Amino acid sequence: MRINRVKQLWREGRPAVGGWLSIPHCLPAEVMAHTGLDWLCIDMQHGCIDYADTVPMLTAISTTGVTPFVRVPWNEPAMIMKVLDAGAYGVIVPMVSNRAEAERAVAACRYPPAGMRSNGPNRVLLYAGADYQKHANAQIACVVMIETPEGIAKLDEIVSTPGVDAAYIGPTDLALALGLPPVMDNDDPQHVATVNRILDACNRHGIVAGIHTSSSKFTQRYLDQGFRMVMLGADRIAMANFMKAEVARLTGWKPLAPAAAGGY
Ligand code: 3PY
Ligand code: MG
């Protein structure tokens, strides 16, 4: 089986930096796959992306050595199994709040006897190789998101769940969970303290800590702190930020349509 290069980095104690895909087409996926990132995540939760979009996006990513992840819309075994069958090498499961939910996510990622994943790989056999089922349990990454009030309260029971490879922080939902505005790259002391607490719990239980950002400044900060799954930038936001900055540089011209405010 083709190895999961991100899990290999993690086994070596090294970090992996990734990007985010929210535009439902194979071209932005292929473009982003050629930007030097270690992994890309197709976002079926908040991206404008359905299963029929996800499959060609996975194909586009596999024109490179970038490791493909999918964030599923919810902690539902059916969709987790379908994206794995299509070639995702890792799933990111949103809003996991307790041990039972973490176990549910893990079980959907693992073939019996370790889990309850149903047999039926399709495209993944072409991507991974004919011996996929033999090695999939070890190669596939199960990543649970910590971003709810209950998830913060039950942090230790989630990150110690056998089979969870990484806990990934959604900074804006985490902010809402703390009663703060949903800011992504967040300097609020309460947010910073909670992020540090999650990192510490992951380290104590020997799993990878991950976090979403929207800048190299925060990506660098989290890498320096010891996060080993850090998301640097998303297709839609990179496009908007680049064009807005270029438009703003022009002189002697006034745009008819003002740029939209806001980022994430
Ligand atoms: C969050 O900020 O809550 C996320 O899930 C990032 O995508
Ligand atoms: Mg979130």
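Along the sequence shown, residues carry numbers from 1. Here the structure is a predicted model, which is why all the values come from computation and not from measurement. Each ligand, and each atom within it, is numbered from 1 in the order the structure gives.
Between the side chain of Arg5 and the backbone N or O of Thr67 there is no donor-acceptor pair closer than 3.5 Å.
For Arg117 and Asp85, the salt-bridge test passes: some basic side-chain N is under 4.0 Å from an acidic carboxylate O. Using a 4.0 Å cut-off between a side-chain N of Lys or Arg and a carboxylate O of Asp or Glu, Arg221 and Asp187 qualify as a salt bridge. Ion pairing between a basic and an acidic side chain is recognised when a charged N comes within 4.0 Å of a carboxylate O; Arg249 and Glu246 show such pairing.
Heavy-atom distances between Gln45 and ligand 1 stay at or above 4.0 Å for every pair. Residue contacts with ligand 1 do not include His46, since none of its heavy atoms lies under 4.0 Å from the ligand.
Ligand 1 has no N or O atom lying under 3.5 Å from any N or O atom of Met184, backbone or side chain.
Considering only residues two or more places apart in sequence or on other chains, Arg99 meets the side-chain hydrogen bond (donor to acceptor under 3.5 Å, both in side chains) condition with Ser160, Thr161. Residues meeting the side-chain contact (heavy atoms from CB on, under 4.5 Å) test with Asn196, sequence neighbours left out: Val192, Gln225.
Near Glu147, with a cut-off below 4.0 Å to any heavy atom, the atoms of ligand 1 are 1 (C), 3 (O), 4 (C), 5 (O). Near Arg71, meaning under 4.0 Å from one of its heavy atoms, ligand 1 places the atoms 4 (C), 5 (O), 6 (C), 7 (O). Distances below 4.0 Å separate heavy atoms of Gly170 from the following atoms of ligand 1: 1 (C), 2 (O), 3 (O), 4 (C), 5 (O). Listed by number with element, the atoms of ligand 1 under 4.0 Å from a non-hydrogen atom of Thr172 are 1 (C), 2 (O), 3 (O). For ligand 1 and Asp173, the ligand atoms under 4.0 Å from any heavy atom of the residue are 1 (C), 2 (O), 3 (O).
Nearest N/O/S atom of Glu147 with respect to the Mg ion (ligand 2) is recorded as OE1. Within Asp173, OD2 is the N, O or S atom that lies nearest to the Mg ion (ligand 2).
Residues Ser22 and Asp235 have side chains that bring a donor and an acceptor to within less than 3.5 angstrom of each other.
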